[in-house]
Amino acid sequence: MSTLNLKSLLKKSTDKGNFKSLDDFFNFANKYLEFIETGLQAKIIAQNEINYTFFQYKKDGGYKISRPINSDLFLSINEYPKVISKIKNLLKNKDKIKRANKTNRENLKKCIYTTQQTIGACLDALPVGESNKARKLVGDYFELFIRLFINKMGFKCSSEWVEIPIKKSGKTLFKMKYQHDLLIKKETALKIIGSVKTSSKDRIDKIFIDKFLYSKLTGTYVPHIAVFLNDVQRKKTKSKRKYGINSTFLSGHFKGYTIKLNPLDGVYYCDIRPNMISENFLKKHIKTIDYFFCEDLWKLTK
């Protein structure tokens with residue numbers, strides 16, 4: 001078992017310098033999974049959706065409660081190293097990714113979800129006064145993790161400022177700058193613009209508008225995608241000692257922007273909500289993250 005305690009895990013997770021490669025992310029996740037085998041006060045099952053669990057820390061974590069964790073996607077310490085080994089093997093061969101079977105696609109979802117959520121759950125143990133810092137770090141790590149994954153697959157992927165020339169009568173008047181989480185290029189040609197967020201809460205409007213403005217300002221078409229980790233948050237039930245989850249997905253906003261503004265070229269979730277599978281409209285426009293890596297990434301960059 002790991003000799004790391006919560007304090008050392010928090011120290012590691014709050015220093016971005018510790019996360020520069022996929023292996024850095026995988027190694028941290030492995031240590032955290034080892035820690036929670038014996039380092040938790042309790043695991044609390046959500047009252048309204050029992051596949052979600054909350055981690056409660058001991059005194060060293062101020063007895064804080066973590067974000068909801070989907071136990072259907074979250075790997076144990078016994079499972080994680082085996083899955084990571086399979087994913088690394090998959091990443092060595094592009095053709096293997098494109099031909100990935102159902103098991104490998106499930107492993108891909110679980111790998112990304114588990115790795116990211118170990119960081120998020122760990123940072124939930126920070127003091128209340130550092131909650132904003134924790135949210136910022138969790139978001140930054142998820143963006144970096146997805147970029148590293150795409151780069152490992154042989155694509156040029158970065159986060160950059162894009163200069164858009166504003167022209168009138170064929171003359172450039174000035175340039176506007178936009179920053180994007182993902183710029184995926186094939187050689188020097190920009191193929192995909194992407195947004196990577198842990199949830200769509202408070203961000204869904206901007207993603208649709210970004211695509212609309214880019215097309216209007218440049219007079220060109222570049223596919224715009226969105227990658228989300230999940231859309232759930234913790235809520236307290238009537239009993240203060242019991243917890244449930246709330247969905248943060250704004251279905252009406254998503255449908256409205258898709259129909260009246262412009263549809264996105266791909267929307268992907270690690271932890272997809274039930275209505276995204278059961279409702280025909282949402283099912284048409286939203287997929288699990290394995291579709292991006294195993295299918296759409298290749299199609300959109302042709």
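When a residue number appears, it is its place in the shown sequence, counting from 1.
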**OP:** Fit a plane to each ring of Tyr257 and His253, take the angle between them on a 0 to 90° scale, and name the class: parallel (under 30°), tilted (30 to 60°) or perpendicular (over 60°).
**Re:** perpendicular
Original post:
Which class fits the ring pair His285 and Phe254: parallel under 30°, tilted 30 to 60°, perpendicular over 60°?
Top reply: perpendicular
Nearest-0.5 Å distance that lies between atom [atom1] in [X] and atom [atom2] in [Y]:
| X | Y | atom1 | atom2 | value |
| --- | --- | --- | --- | --- |
| Leu123 | Tyr141 | CG | OH | 7.0 Å |
| Ser199 | Asp231 | OG | CG | 5.0 Å |
| Lys94 | Leu90 | NZ | CG | 13.5 Å |
| Ile164 | Phe174 | CD1 | CZ | 11.0 Å |
| Leu183 | Arg147 | CG | CZ | 9.5 Å |
| Phe54 | Leu40 | CZ | CG | 14.0 Å |

Verify same cluster id: [X], [Y] (apolar side-chain graph, 4.5 Å):
| X | Y | value |
| --- | --- | --- |
| Phe155 | Ile87 | yes |
| Val196 | Val267 | no |
| Phe26 | Leu144 | yes |
| Leu126 | Ile69 | yes |
| Ile209 | Leu217 | yes |

Near [X] [atom1], under 6.0 Å, is it more than 12 heavy atoms from other residues, nucleotides or ligands?
| X | atom1 | result |
| --- | --- | --- |
| Lys11 | NZ | no |
| Ile50 | CD1 | no |
| Ile277 | CD1 | yes |
| Lys98 | NZ | yes |

Taking the side chain as every heavy atom from C-beta outward, state whether [X] and [Y] have any pair of such atoms under 4.5 Å apart.
| X | Y | value |
| --- | --- | --- |
| Cys111 | Ile84 | yes |
| Ile289 | Leu108 | no |
| Ile204 | Lys197 | no |
| Ile225 | Asp296 | no |
| Phe25 | Ile112 | no |
| Lys235 | Asn48 | yes |
| Thr258 | Phe208 | yes |
| Leu229 | Gln117 | yes |

Subject >> Selection residues 73-93 - residue pairs positive for salt bridge (Lys or Arg N to Asp or Glu O under 4.0 Å), sequence neighbours left out >> reply: Asp23-Lys88
Original post:
Does the pair Glu37 and Leu33 meet the rule for a side-chain contact (heavy atoms from CB on, under 4.5 Å), with working shown?
Top reply: CA-CA 7 Å; Glu37 284 291 289; Leu33 292 172; over 6 Å; no
What is the minimum heavy-atom distance between [X] and [Y], and which atoms define it?
| X | Y | result |
| --- | --- | --- |
| Ala121 | Arg67 | N-NE, 3.8 Å |
| Thr38 | Lys58 | O-NZ, 3.1 Å |
| Pro68 | Tyr113 | O-OH, 4.0 Å |
| Ser21 | Leu148 | C-CD1, 3.7 Å |
| Asp72 | Asn70 | N-OD1, 2.9 Å |
| Ala100 | Asn104 | CB-CB, 4.0 Å |

Hey, is the main chain of [Y] close enough, under 3.5 Å, to the side chain of [X] for a donor-acceptor pair?
| X | Y | result |
| --- | --- | --- |
| Ser195 | Asp181 | no |
| Asp265 | His224 | yes |
| Asn230 | Asp271 | no |
| Gln116 | Val138 | yes |
| Ser215 | Phe212 | no |
| Tyr214 | Ile193 | no |
| Lys156 | Glu187 | yes |
| Ser71 | Asn51 | yes |
| Ser158 | Glu160 | no |
| Gln56 | Ile65 | no |

Subject >> Option from Phe55, Tyr52, Tyr80 for which ring pair (Phe, Tyr, Trp, His ring centres under 6.0 Å) with Phe74 holds >> reply: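 Single pass found, and it is Phe55.
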Original post:
Hey, is Glu279 close enough to Arg273 for a salt bridge, meaning N to O under 4.0 Å?
Top reply: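 Judged by the 4.0 Å cut-off on N to carboxylate O distance, Glu279 and Arg273 do not form a salt bridge.
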Subject >> Pairing of Asp210 and Lys206 as salt bridge, 4.0 angstrom limit >> reply: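 Lys206 and Asp210: salt-bridged.
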**OP:** Would you check, one step at a time, whether the test side-chain contact (heavy atoms from CB on, under 4.5 Å) holds for Phe28 with Cys122?
**Re:** CA-CA 10 Å; Phe28 177 85; Cys122 181; 3.9 Å; yes
Subject >> Phe149 and Phe292 aromatic centres sub-6.0 Å >> reply: no
Original post:
Going through the checks in order, is the side-chain contact (heavy atoms from CB on, under 4.5 Å) test met by Leu250 and Ser200?
Top reply: CA-CA 8 Å; Leu250 301 176; Ser200 70; over 6 Å; no
**OP:** Check whether NZ of the Lys or CZ of the Arg Arg105 lies under 6.0 Å from the centre of the six-membered ring of Tyr291 and within 45 degrees of that ring's axis.
**Re:**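 Because its charged atom sits under 6.0 Å from the ring centre and within 45° of the axis, Arg105 does stack over Tyr291.
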**OP:** Could you walk me through whether Tyr269 and Val227 pass the side-chain contact (heavy atoms from CB on, under 4.5 Å) test, one step at a time?
**Re:** CA-CA 6 Å; Tyr269 276 82; Val227 177; over 6 Å; no
Original post:
Does the side chain of Ser8 come under 3.5 Å of the side chain of Asn5 through a donor N or O and an acceptor N or O?
Top reply: yes
